[in-house]
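Letters A, B, ... are given to chains in the order of the sequence lines, protein chains preceding strands, and every chain is numbered from 1. All of these numbers come straight from a predicted model, not from anything done at the bench.
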Protein chains: 2
Amino acid sequence: MEKKNAEIVIIEDEEDILELLEYHLAKEGYDVTGFLSTENVERFMEEESPALLIVDRNLPGVEGSEFVASMREIGYDTPVIFLTAKDKDSELEEGFKRGGDDYLTKPFNTKELLLRIEALLRRSGVKQSEKLRYRDIILDNQARELYVDKKKVDLTNLEYKLLYTFVKNSHQTLQRDFLRDEVWGDDSDHFHDKTINVAINRLKKKIDPSGEKGYFVPIWGVGYKLG
Amino acid sequence: MEKKNAEIVIIEDEEDILELLEYHLAKEGYDVTGFLSTENVERFMEEESPALLIVDRNLPGVEGSEFVASMREIGYDTPVIFLTAKDKDSELEEGFKRGGDDYLTKPFNTKELLLRIEALLRRSGVKQSEKLRYRDIILDNQARELYVDKKKVDLTNLEYKLLYTFVKNSHQTLQRDFLRDEVWGDDSDHFHDKTINVAINRLKKKIDPSGEKGYFVPIWGVGYKLG
DNA sequence: TGCTTTCGTAACAATTTTGTAATCAATTTG
DNA sequence: CAAATTGATTACAAAATTGTTACGAAAGCA
């Protein structure tokens, strides 16, 4: 239930339905962004390139399937699931013709929607990036990016490797020797005593400037552990 | 009608439904083969590799979804649409979990089935959209052309391959080694340190002369990523 | 052949990262 | 409690990495 994190966009003008959908999909582990109209969606797609669109047909302003057709025209191939209150043949046909991949009629079964999402993502070949988590820390190892409390934080390579080592071994106390081997790979004798301290200090400042979260707990005379 | 002639296999034990389906699909131009049970289907698939399976869940002998699951296990990725008389949540879930792509409950609308077939063939079709995009960059891989902000930009072969590699892996950090393999294909030891830097530098100047867009973000000690 | 384009190499500049050292603070030990 | 040991913090400079520019060899083209 935790390793889905594909990015999904929902366009739905009825706020309570939108909220409900966001809740259910987020619970499944998807990374959901909701919109009340098609406005701003194109810009968002440029920036984020989501894996799937869930689009209400009946939107204010631009009609849902029109929006999808226009996205298709400018080259987007993102999978689309349409939602609709209506159930007319002509509507259905229009939805598919304009580039929809699936179609659900309201009121729909949430379980079914989730299954259809999964099937469509599988068929369209979405690669799930593996992410490591610890508390509010998310390490995306493919993008080599760190998010703390949903906010992106830039790290240097050394800092990244260091944090990665801790998160990967989050249940253990990491001894100084182990960290030296794992992060620095330095077998020379010229490894300064305080190098690790300084590195951890810098890392702490970046991921928790106020110092209130206490990610790193020093184990006196041994090393550190996450806490 | 048109010339669709994709090969479709239908497995359905109720003969009149099977005939009806065969009739409608053939009329649309598909090349249809019907089976009354899962028997012999595997051998047929080996010989013909159809583009789509339409499978009744409720078959004599082997259950439809079981058959699909076993096909998936031995490596077949053919798209599947399940048909069923039942409408239970658990059935639905089982169907998708075992590798179904779509699910229709009898009695179904023929028009809808045809539309869903088309959508599924489109999505699973080998011919993917030949356009890759990232922000305001569009790579038309068929024409081997680049558009930045709707304006055409000429690239050299090397530059194109480089940019293509980045856009294709737009949410990953690309390590220098990976770029060397992917773009230069050079496994020699004589690969100069700065070759990548200079190539990226040239590419940057072409697609973003003013340097304000910051397409390429160096990841210190690792490589680059799009940003 | 002669012209043009492409692209690797080299040199140097600019930038970022990271180790070191010095000092201060905290913890343990006797 | 005092001494000793270890960790935290800070500032600085060396080291490592990337950016930029120019040159010329190689490849493509007329």
- Partners meeting side-chain hydrogen bond (donor to acceptor under 3.5 Å, both in side chains) with A/Lys168 (sequence neighbours left out): A/Tyr164
- Message: Can you give me the bend angle of the helix from C/dT1-D/dA30 to C/dG30-D/dC1? Use the axis through the first five pairs and the one through the last five, nearest 10 degrees.
- Response: 40°
Using whole Å, report how far [atom1] of [X] lies from [atom2] of [N].
{"X": "A/Lys206", "N": "D/dT9", "atom1": "NZ", "atom2": "C1'", "result": "16 Å"}
{"X": "A/His192", "N": "D/dA13", "atom1": "NE2", "atom2": "C1'", "result": "14 Å"}
{"X": "B/Ile200", "N": "D/dG19", "atom1": "CD1", "atom2": "P", "result": "7 Å"}
{"X": "B/Asp177", "N": "D/dT17", "atom1": "CG", "atom2": "P", "result": "13 Å"}

- In residues 209-220 of chain A, what residues come within less than 4.0 Å of DNA chain D, judged by heavy atoms? A/Pro218, A/Trp220
- What is the 5' to 3' range of DNA chain C, first to last nucleotide, that sits under 4.0 Å from any heavy atom of chain B? C/dT6 to C/dT17
- Query: Can you list the residues that meet the salt bridge (charged side-chain N to carboxylate O under 4.0 Å, His left out) rule with A/Glu39, with sequence neighbours excluded?
  - Reply: none
- Message: Please enumerate all residues that pass salt bridge (charged side-chain N to carboxylate O under 4.0 Å, His left out) together with B/Lys151, with sequence neighbours excluded.
- Response: B/Asp149
- Letter by letter from the 5' end, nucleotides 20-29 of chain D scores (B base, S sugar-phosphate only, - none; protein heavy atoms under 4.0 Å) BBB-------
Identify, with sequence neighbours excluded, every residue that meets ring pair (Phe, Tyr, Trp, His ring centres under 6.0 Å) alongside [X].
{"X": "A/Phe178", "result": "none"}
{"X": "A/Phe216", "result": "A/Phe166"}
{"X": "A/Phe35", "result": "A/Phe44"}

- Message: Can you list everything that forms a side-chain contact (heavy atoms from CB on, under 4.5 Å) with A/Thr84? Sequence neighbours excluded, please.
- Response: A/Arg57, A/Lys86, A/Tyr103, A/Thr105
- Item | Pair A/Asp101 + B/Arg123, salt bridge at N-O below 4.0 Å | yes
- Please determine if a side-chain N or O atom of B/Arg176 lies less than 4.0 Å away from the OP1 or OP2 oxygen of D/dT18. yes
- Please determine, by modelled atom types, if A/Arg176 and A/Asn197 share a side-chain donor-acceptor pair under 3.5 angstrom. yes
- Tell me the salt bridge (Lys or Arg N to Asp or Glu O under 4.0 Å) pairs involving residues 212-227 of chain B, sequence neighbours left out? A/Glu145-B/Lys225, B/Asp136-B/Lys213
